[in-house]
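Single-structure report; data block below.
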There are 2 protein chains.
Amino acid sequence: MSRPTVNDLAKAAGVSLATIDRVLNSRPGVREQTIRRVNEAIERIGFVRDVTAANLARQRRYKFAFVLPDAPGEFVTLLRSAVNEAAAGPIVDRMDLTVATVPPNDPHFLVKTLRRLGASQIDGIAIFAPETPHVRDEIAHLKESGVAVVALVSDLPNTGRDHFVGIDNIAAGRTAGVLMGRFMREIRGSVLVLASSMQARANAERRLGFDQVMATQFGAIEVLPSLEGHNDPETIRRIISAVLDSRKDIAGIYSVGTGNGVLVDLLKEMGRDQDLVVIGHELTRNTRRALEDGVLDAVINQDTGHIARSALRVLRAKTDGIDILSSQERIRIEIIIRENLY
Amino acid sequence: MSRPTVNDLAKAAGVSLATIDRVLNSRPGVREQTIRRVNEAIERIGFVRDVTAANLARQRRYKFAFVLPDAPGEFVTLLRSAVNEAAAGPIVDRMDLTVATVPPNDPHFLVKTLRRLGASQIDGIAIFAPETPHVRDEIAHLKESGVAVVALVSDLPNTGRDHFVGIDNIAAGRTAGVLMGRFMREIRGSVLVLASSMQARANAERRLGFDQVMATQFGAIEVLPSLEGHNDPETIRRIISAVLDSRKDIAGIYSVGTGNGVLVDLLKEMGRDQDLVVIGHELTRNTRRALEDGVLDAVINQDTGHIARSALRVLRAKTDGIDILSSQERIRIEIIIRENLY
DNA sequence: ATTGACATGAGGTACGTACCTCATTTAGGA
DNA sequence: TCCTAAATGAGGTACGTACCTCATGTCAAT
């Protein structure tokens, strides 16, 4: 009934408390056969370390860091806010949390930041950055030092990171594609695709998923080549209005990334805010308003609050060597329309 | 920098540790002015009780119970599974969790169950049951005894419960309505509405939301009176096929509750599995398969895992007298199609 | 049998807080 | 001023575990 303690475990293994401590904390000076005996007793009586008591005894502070890009996009701002909100809640009990910002296209600076963090007795790092060979190497070093590493939003699949907290962007693009095709009354015409830059892996994956669905399920709709707005309002205005002016068959717009404020304003000015199917990503202040105004028909969202909390839970679990609850840590591809806004 | 302890607080308030203990734990024998002095010191130095250290000292076990209906529906089965899964995870540290089952239409048995739980030194109860005057009274008693009460899935708005963990079913119905209208290529014809029973408050609310949207945004679509299947496969088959046979203008089906297995099978048998827009609720094994097969076009879901964990977090927070993180505890109205299945 | 190195045990203190007992102080009334 | 009741302080033990020191035991080699 009651939870077995280290005293129970010592009795069960036939050793002293000091030996239990040595085995549990991998201290030197214990024979293999004694270690085996203790581990068997752990299985036998179902001993589970009381992590909160241990943290009290050792005055444990978990040192975690988020490494976020210093990018102009709204999503990063939202993510930073979410990290700050999580930092003010119960999840950070006994945690020291650092947020490090790196320029988005400077792998050298990123590596330097990771190195600095690695040298500061950090327990875990959540990284939102693209994968490069140097990043891969640095993460390998972190792993060797026993630092827990979580890839945030954008996976780092070849780095040996402990966990990925984010969505499958191909599936997100597919989701957008299905909604685009289903929301159109007639399967004809063309769809304009807007992205900040197709260099970003997430954007490329979303476009790929979108194309898959449009080609297989809505073949009579032509998906136009991606227009790159580079987060520049004037560029976005120029390229979008040029296409809308020259092609009369545009039936929908898929905005692959963030930065939807300019797009929404432009559609309103052109009087095209109610006749196109417009689908974007990420629930920001701009996309919220656009959903409410009916300019945006749906937003494919990943909840930054869930992402921030999940990263912290995973980092803590990895540091403590305990299991995570998979269903809790699976970030959803959320479809948001006006009626289910939250 | 470091977190103030009870020793720091004693110094700051100019009293002994024993007095601090008396004030913090509301023990008798402390003058009002001393209490005031301690509370001012708490504000001044930002003392926050270390709940985990206190729990260790007092060998605290939280005693929580879920009161669930013994109903034949899949959703309750899913919810029970979710509670069991949560019970196997880290969230139940120092918790004793009980699941009590009550017949769905027996308020008397429910009240008896609540009374029994209330008499067992329970700290908190999560209740999935309809609100009746007797239930209201019993919850009032529980509240008087300091028991935390969370309404689960179906709100108990006039009971003084501490928190509601669930979705707004009117908004869920509206969401279904928007998808129904948007997924139709032509705004005409009629929609068949299937419910287990319209007596259930959730079902009535969903139907209300659905009607609101259909009437205001898709007025040329006729929404038929609800058909009540009473969770009986034969009844469901009979009433659905009768309508589908007699009316050739049926363009969509809205299934308000659960129990979609029979509906899906029948549509397949009748060869109507690909030409209707079919929208249902709750992500169950049946609706998953139906989404994958293309019989169901969308499912409006509330994540039972999130609900179970949220209830436990809220009950624990209420018992400890600390704040909850609102954004974490807001249950989403999820739109699930095949591409964003999880 | 003796010695030395390694393994293990015993006992103590610490973490922040709860809770208990008994001694001391304080405040108010006669 | 004295007495009494109430308020407060002082000190100790407990929770489960970490971590330290030093004493004791074990084993292998000489």
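Just so it is clear: chains get the letters A, B, ... in the order the sequence lines come, proteins before strands, and each one is counted from 1.
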Quiz item: When the distance from NZ of Lys11(A) to P of dG16(D) is rounded to whole Å, what number comes out?
Solution: 12 Å
Practice problem: Would you mind reading off the distance between Asp21(A) atom CG and dC22(D) atom C1', rounded to a whole angstrom? | Solution: 16 Å
Self-check item: Sequence-aligned protein contact record of nucleotides 22-27 of chain C, with B where the base is within under 4.0 Å of a protein heavy atom and S where only the sugar-phosphate is
Solution: -----S
Exercise. Run the salt-bridge test on Asp168(A) and Arg330(A) with the 4.0 Å N-O cut-off and return the result as yes or no.
Key: no
Exercise. Nearest whole angstrom, please: distance from the C1' of dA14(D) to the CZ of Arg60(B).
Key: 17 Å
Self-check item: Euclidean distance, atom CG of residue Asp320(B) to atom P of dA18(C) [Å, nearest integer]
Solution: 11 Å
Quiz item: Under 4.0 Å: is that the gap between some side-chain N or O of Arg49(B) and OP1 or OP2 of dA18(C)?
Solution: yes
Exercise. May I ask you to decide whether Arg161(A) forms a salt bridge with Asp155(A), counting only side-chain N to carboxylate O separations under 4.0 Å?
Key: yes
Self-check item: Selection from dC19(D), dG16(D), dG9(D) that lies nearest to any side-chain heavy atom of Ala18(B)
Solution: dG9(D)
Self-check item: Gap between atoms CZ and C1', on Arg61(A) and dC15(C) respectively (whole Å)
Solution: 13 Å
Exercise. Between Gln59(A) and Asn25(B), just flag the one whose closest nucleotide in DNA chain C comes earlier from the 5' side.
Key: Gln59(A)
Self-check item: Side chain Asp123(A), main chain Phe64(A), donor-acceptor under 3.5 Å
Solution: no
Quiz item: Nearest to the side chain of Ala53(A), which nucleotide is it out of dT8(D), dT17(D), dT17(C)?
Solution: dT17(D)
Quiz item: With the threshold set at 4.0 Å, does a side-chain nitrogen-carboxylate oxygen contact exist between Asp137(B) and Arg115(B)?
Solution: no
Quiz item: In whole angstrom, what separates Asp50(A)'s CG from dC15(C)'s C1'?
Solution: 13 Å
Quiz item: Looking at dT8(C), dA18(C), dT8(D), which one has an atom nearest to any side-chain atom of Ser16(B)?
Solution: dT8(D)
Practice problem: With the side chain of Ala57(B) defined as its heavy atoms from C-beta on, choose the nearest nucleotide among dT8(D), dG16(D), dG16(C). | Solution: dG16(C)
Quiz item: According to a strict under-4.0 Å criterion, is Arg27(B) in side-chain N/O contact with OP1 or OP2 of dC19(C)?
Solution: yes
Practice problem: Taking only Lys NZ, Arg NE, NH1 and NH2, and the carboxylate oxygens of Asp or Glu, determine whether Asp93(A) and Arg3(B) approach each other closer than 4.0 Å. | Solution: yes
Quiz item: Roughly how far, to the nearest 0.5 Å, is the CD1 atom of Ile139(A) from the CD atom of Glu144(A)?
Solution: 12.5 Å
Practice problem: Check the distance between dA18(C)'s C1' and Leu17(B)'s CG and give it to me in whole angstrom. | Solution: 10 Å
Quiz prompt | DNA chain D: 5'-proximal contact among Gly29(B) and Arg94(B) (nearest heavy atom) | solution = Gly29(B)
Quiz prompt | Closest-nucleotide 5' rank along DNA chain C - winner of Arg58(A) and Ile20(A) | solution = Ile20(A)
Quiz item: Is there side-chain contact between Thr52(A) and Leu56(B), with heavy atoms separated by less than 4.5 Å?
Solution: no
Self-check item: More than 12 heavy atoms of other groups within 6.0 Å of Arg285(B) CZ
Solution: no
Practice problem: Nearest whole angstrom, please: distance from the C1' of dG16(C) to the CG of Leu56(B). | Solution: 9 Å
Quiz item: Of the candidate nucleotides dA18(C), dG16(D), dG9(C), which contains the atom at the shortest distance from the side chain of Thr19(A)?
Solution: dG9(C)
